[in-house]
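Chain letters run A, B, ... following the sequence lines, proteins first, then strands; residues in each count from 1.
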Amino acid sequence: MDMEKIVSLCRRRGFLFQSSEIYGGLNGFWDYGPLGVELKRNVKEAWWRDMVTQHDDLDVLPGAPSTYEMCGLDCTIIMHPQVWKCSGHFDLFVDEMVDCRETKKRYRYDQVRGRWAEAKGQKLFVCTMAENEEEEIARRAQKFFKLRAKDADQIAWDGPITTLDKIGDTSQALGPDASEPGTLTEPRDFNLMFPTIIGALAGEEGRAFLRPETAQGIFVNFKNVLDSSRVRIPFGIAQVGKSFRNEITPRNFTFRSREFEQMEIEFFCHPKTSKEWYQFWRDRRFKWYIDHGLAEGRLQLRDHDPDELSHYSTGTADIEYAFPFLAEGEFGELEGIAHRGDFDLRSHMEGKLDPKSCPLEVELGEDGKPKYKGSGRDLTYRDDLTNERFTPHVIEPSAGADRATLAFICEAYTEDEAPDDKGKMQTRTVMKLHPRLAPLKAAVLPLVKKDGMPEVAKDLYRALKAKFPVFYDEKGAVGRRYRRQDEAGTPYCITIDGDTLSDKTVTLRDRDSLEQIRVKLDDVVEEIESRVG
RNA sequence: GCGGGUGUAGCUCAAUGGUAGAGCAAUAGCCUUCCAAGCUAAAGACGAGGGUUCGAUUCCCUUCACCCGCUCCA
């Protein structure tokens, strides 16, 4: 399917606009129009109802190890800066990068390693990114100085192998893939987190960040929820909200936006059962997308390879969708389900843990003290039946609301053939959205604007409108009105015709099959209600 | 961030160094009795900034956005 057509329809029908469009737009930011906002609200609402408000605390769900409880949370976008230091985002998101002018490659400034080498009257810092750095640096230096292997000892090495950021000058560096020195740019900050300032006076002490994920707000409120809500482990805390990431290359419509909305759950359980809960969430979340209309053939549940995983995690799986803007066989992430062990709660308790340590230990700074101090609060859990105290393990199903919405849009976009008024087949563009997600549930259309039809139609419109979003349209040919609703994804059209006035029935037209059935006027509300769930 | 391409009305396209034209859509009205193209009317655009010029949508520079490829993707 052609992505341009989908983008064009989104714009034309008011699903999605570029942010600040009249000023030329802003890269990586998108606005939802009148139809888009309803669609996205429905996506979030469906998620919230299915995961939180309609969750049955008393019943064991299929595949679940036991019953569990669910509750919600809505925390601030700006949090204490220490949150991001202990979560690891600060170190990971605030990087200095250097670009190579020659090869157009980009490197983390602190990850490029090299060593000073001097030969034939020239001195330079030979860099590499390779694992076997010592021989690679020697090989590259030898090649650069055009020395034979037997003359390799003409190279005078100065100092140990170190990282590029320690030498502070990129102009004498031979980039890891470059053929001559001086092609690396000066290091530049890549603030993947959006910095902001708290308070009217600018200064380092007021520096804060817009959250890059909603999850940390759940961890830092873990104890509050426990103390205020009588929930017992296992339980989950859900949150929907905006997050911000300064993506290097926003691309592919709303897929990689800098401001986006997440639907996240942190599910807290006993370490002994965490593996089973991980399986449960992974399968349940995959099914959710299928239940809402994504084709199984375009959806995949990809388990991360064991060597991709942190040692404290027993699994991470991505739910991925074959977006039309991706190459054949490629998938884009909709949701990640991660087994995070006790990493997050312990980091906020003890201080940022070193994810590479095993068993996990607090990461220390150069002074031997914790690099980032934790809150010092006790975030362990005491089971008051067994009296056991432990730090819960966490399963994190983290979904992108905008990505899910985009996937539903892409999946729904369909071109098929429908006859025009002369019986000739015409291309029809239709958004086959799941009725639960469709922005409008029905349209009420008087066949013609006379003979009392609009009056009957308006009464029906009002009766339906009390229950859900409905559109009334009496203008122009009815076929044209049908097609308009098809592009909006409205699953049902109800047409009031001459017969309605005598026998009190209307036609109910199905968006996807184009079938029409007669329904009693008095039954329409109930009929639509049952069909849209 | 790099390279290539694109930018005229809501959409598709046209013309021009001298006040930008059409089709479709949308709007108002008429006509219509179930799947977009019946009639009438009015409305609507040169992405932004700067330069050259008497005059720039057109030529030049810069910038912004989108598309493709690379890079990045915690």
Where each pair must be Watson-Crick or G-U wobble with both distances under 3.5 Å, what dot-bracket representation of RNA chain B is obtained, with crossing pairs in [ ] and other-strand partners as |?
(((((((..((((....[..))))..((((.......)))).....(((((..]....))))))))))))....

Under 3.5 Å, which N/O atoms of the protein pair with N/O atoms of nucleotides 22-29 of chain B?
| from | atom 1 | to | atom 2 | distance (Å) |
| --- | --- | --- | --- | --- |
| B/rA26 | OP1 | A/R484 | NH1 | 2.1 |
| B/rA26 | OP2 | A/R480 | NH1 | 3.4 |

Looking at every strand, decide which applies to [X] at a 4.0 Å heavy-atom threshold: base, sugar-phosphate, or nothing.
X: A/V448; value: base
X: A/I22; value: nothing
X: A/D451; value: base
X: A/E487; value: base

Applying salt bridge (Lys or Arg N to Asp or Glu O under 4.0 Å), name anything that partners A/E247, two or more places apart in sequence or on another chain.
A/R256

What I want to check is whether the side chains of A/R346 and A/T391 have a donor and an acceptor closer together than 3.5 Å.
no

[N] to [M] separation - [atom1] atoms, rounded to the nearest Å:
N: B/rU53; M: B/rA14; atom1: C1'; value: 26 Å
N: B/rC60; M: B/rG7; atom1: P; value: 14 Å
N: B/rG51; M: B/rC13; atom1: C1'; value: 31 Å
N: B/rU33; M: B/rA45; atom1: P; value: 37 Å
N: B/rC67; M: B/rG47; atom1: C1'; value: 16 Å
N: B/rC11; M: B/rA48; atom1: P; value: 15 Å
N: B/rA28; M: B/rA43; atom1: P; value: 16 Å
N: B/rA15; M: B/rA22; atom1: P; value: 15 Å

May I have the distance from [X] (atom [atom1]) to [N] (atom [atom2]), rounded to whole angstrom?
X: A/K5; N: B/rG10; atom1: NZ; atom2: P; answer: 22 Å
X: A/L445; N: B/rC35; atom1: CG; atom2: C1'; answer: 11 Å
X: A/R12; N: B/rU12; atom1: CZ; atom2: C1'; answer: 11 Å
X: A/E515; N: B/rC35; atom1: CD; atom2: C1'; answer: 14 Å
X: A/E320; N: B/rC73; atom1: CD; atom2: P; answer: 16 Å
X: A/R428; N: B/rC35; atom1: CZ; atom2: C1'; answer: 9 Å
X: A/D510; N: B/rC35; atom1: CG; atom2: C1'; answer: 14 Å
X: A/D473; N: B/rA36; atom1: CG; atom2: C1'; answer: 12 Å

Identified salt bridge (Lys or Arg N to Asp or Glu O under 4.0 Å) partner of A/K242 from the options A/E264, A/E261, A/E259
A/E259

Using the salt bridge (Lys or Arg N to Asp or Glu O under 4.0 Å) rule, pick out the option among A/R511, A/K432, A/R481, A/R428 that qualifies with A/D486.
A/R428

Test for a donor-acceptor pair under 3.5 Å between the base of [N] and the side chain of [X], counting only N and O atoms.
X: A/R509; N: B/rC35; result: yes
X: A/S8; N: B/rC11; result: no
X: A/E247; N: B/rC73; result: no

Per-nucleotide protein contact string for nucleotides 62-68 of chain B, where B marks a base within reach and S marks sugar-phosphate only (heavy atoms under 4.0 Å, - for neither)
--SSSSB

What class does the angle between the rings of A/F323 and A/F325 fall in, given that below 30° is parallel, 30 to 60° is tilted and above 60° is perpendicular?
parallel

Can you say whether the rings of A/W84 and A/H89 are parallel (under 30°), tilted (30 to 60°) or perpendicular (over 60°)?
perpendicular

Tell me, please, which residues at least two apart from [X] pass side chain to side chain contact (heavy atoms under 4.5 Å, CB included).
X: A/D344; answer: A/Q216, A/F219, A/R340
X: A/E330; answer: A/L326, A/A327
X: A/K504; answer: A/L521

Verdict with reasoning, A/R282 to A/D303, per salt bridge (Lys or Arg N to Asp or Glu O under 4.0 Å)
CA-CA 9 Å; A/R282 169 189 176 279; A/D303 289 301; 2.7 Å; yes

Hey, can you pull the residues of residues 488-501 of chain A with a non-hydrogen atom under 4.0 angstrom from RNA chain B?
A/T495, A/D497

Return each pair, listed once, that meets side chain to side chain donor-acceptor pair (under 3.5 Å) where at least one residue sits in residues 16-30 of chain A; pairs must be two or more places apart or across chains.
A/R11-A/E21

Keeping to residues at least two apart or across chains, list the side chain to side chain donor-acceptor pair (under 3.5 Å) pairs with something in residues 471-480 of chain A.
A/Y472-A/E474, A/D473-A/R484

Sequence-distant partners of A/E455, side-chain hydrogen bond (donor to acceptor under 3.5 Å, both in side chains), two or more places apart
none

Suppose we screen for side-chain hydrogen bond (donor to acceptor under 3.5 Å, both in side chains). Which residues come up paired with A/T128, at least two apart in sequence or across chains?
none

Can A/R509 be said to sit on top of A/Y482's aromatic six-ring, NZ or CZ under 6.0 Å from centre and within 45° of the ring axis?
yes

Which nucleotide in the list B/rC11, B/rC34, B/rU33 gets nearest to the side chain of A/R11?
B/rC11

Indicate whether OP1 or OP2 belonging to B/rU32 is found under 4.0 Å from a side-chain N or O atom of A/K450.
yes

More than 12 non-hydrogen atoms from neighbouring residues, nucleotides or ligands closer than 6.0 Å to CD on A/E417, yes or no?
yes

